[in-house]
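As structure tokens, the structure follows; a few thoughts come after it.
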Amino acid sequence: MKQHADSEGVQEKGCGALLNLSSSVDDEIKVRIRAAGGIEAVISGMKQHADSEGVQERGCAALRNLADNGENKVRIRAAGGVEVVTVAMQKHPSHSEVQAYGSALLNRLQTYNSSSSMVDQRVASCD
């Protein structure tokens, strides 16, 4: 995906491949995708091809699947995943899959963020 960043087709198929791989219930696959730079590759492809419904749909879906892992949630947020998905949803308001996958991802990231905040508040109250 890095070598063909300008190719919408390569980015769409790359996001689709990572979507398929991340559909596994095996968490190790999601960890390996993160370690190989897959999260950043998806986000980069989505930024580069913001007008492509195919890239946005598959990118949102792949990130949604990858967000099943806690460390991936941190990486997605740090890499700008919230912003890129928000832009995708704004640019493609009538594309139901972009809306559904984007909303599901944002919900998963928010759930993690809320849980982290609750844990942080509990730790602080013990001091």
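When side chains are defined from C-beta on, Gln110 does not count as touching Arg108, because their heavy atoms never get closer than 4.5 Å. Side-chain contact between Met1 and Gln11: present, with at least one pair of heavy atoms (C-beta onward) separated by less than 4.5 Å. Counting only heavy atoms from C-beta outward, the side chains of Glu83 and Thr86 never approach each other to under 4.5 Å.
Going from atom CD of Glu57 over to atom OG of Ser96 covers 8.0 Å, rounded to the nearest 0.5 Å. Annotation: the span from Asn65 atom CG to Cys60 atom SG amounts to 11.5 Å, rounded to 0.5 Å. Atom CZ of Arg58 sits about 9.0 Å away from atom OH of Tyr101, to the nearest 0.5 Å.
Proximity of a side-chain donor or acceptor of Lys30 to a complementary backbone N or O of Ser22 within less than 3.5 Å is detected. With Gln99 contributing its side chain and Met89 its backbone, the two residues share a donor-acceptor pair below 3.5 Å. Using a distance-only test at 3.5 Å, with no hydrogens or angles considered, no donor-acceptor pair links the side chain of Asn72 to the main chain of Ala67.
With hydrophobic clusters built from ILVMFWY side chains whose heavy atoms lie under 4.5 angstrom apart, Val84 does not share a cluster with Leu19. Cluster membership check: Ile76 shares its hydrophobic cluster with Ile29, using side-chain heavy-atom separations under 4.5 Å among Ile, Leu, Val, Met, Phe, Trp and Tyr. Val87 and Val82 fall into different hydrophobic clusters, defined by Ile, Leu, Val, Met, Phe, Trp and Tyr side-chain heavy atoms under 4.5 Å apart, directly or through other members. Hydrophobic clustering of Ile, Leu, Val, Met, Phe, Trp and Tyr side chains at less than 4.5 Å, counting indirect connections, unites Leu66 with Leu105.
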Practice prompt. Any chance you could lay out the side chain to side chain contact (heavy atoms under 4.5 Å, CB included) test for Glu71 and Val31, step after step, and finish with the verdict?
Written response: CA-CA 8 Å; Glu71 291 179 32; Val31 170; over 6 Å; no

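Surrounding CD of Glu28 are more than 12 heavy atoms belonging to other residues, nucleotides or ligands, all under 6.0 Å away.
Contact between Cys15 and Gly59 at its shortest, heavy atoms only, is CB-N, 3.9 Å.
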Donor-acceptor contacts, no H, no angles, side chain residues 35-54, under 3.5 Å, sequence neighbours left out:
residue, atom, partner, partner atom, Å
Glu40, OE2, Arg75, NH1, 3.2
Gln48, NE2, Asp6, OD1, 2.9
His49, NE2, Ala5, O, 2.8
Asp51, OD1, Lys91, NZ, 3.1
Ser52, OG, Glu8, OE2, 2.9
Ser52, OG, Val55, N, 3.2

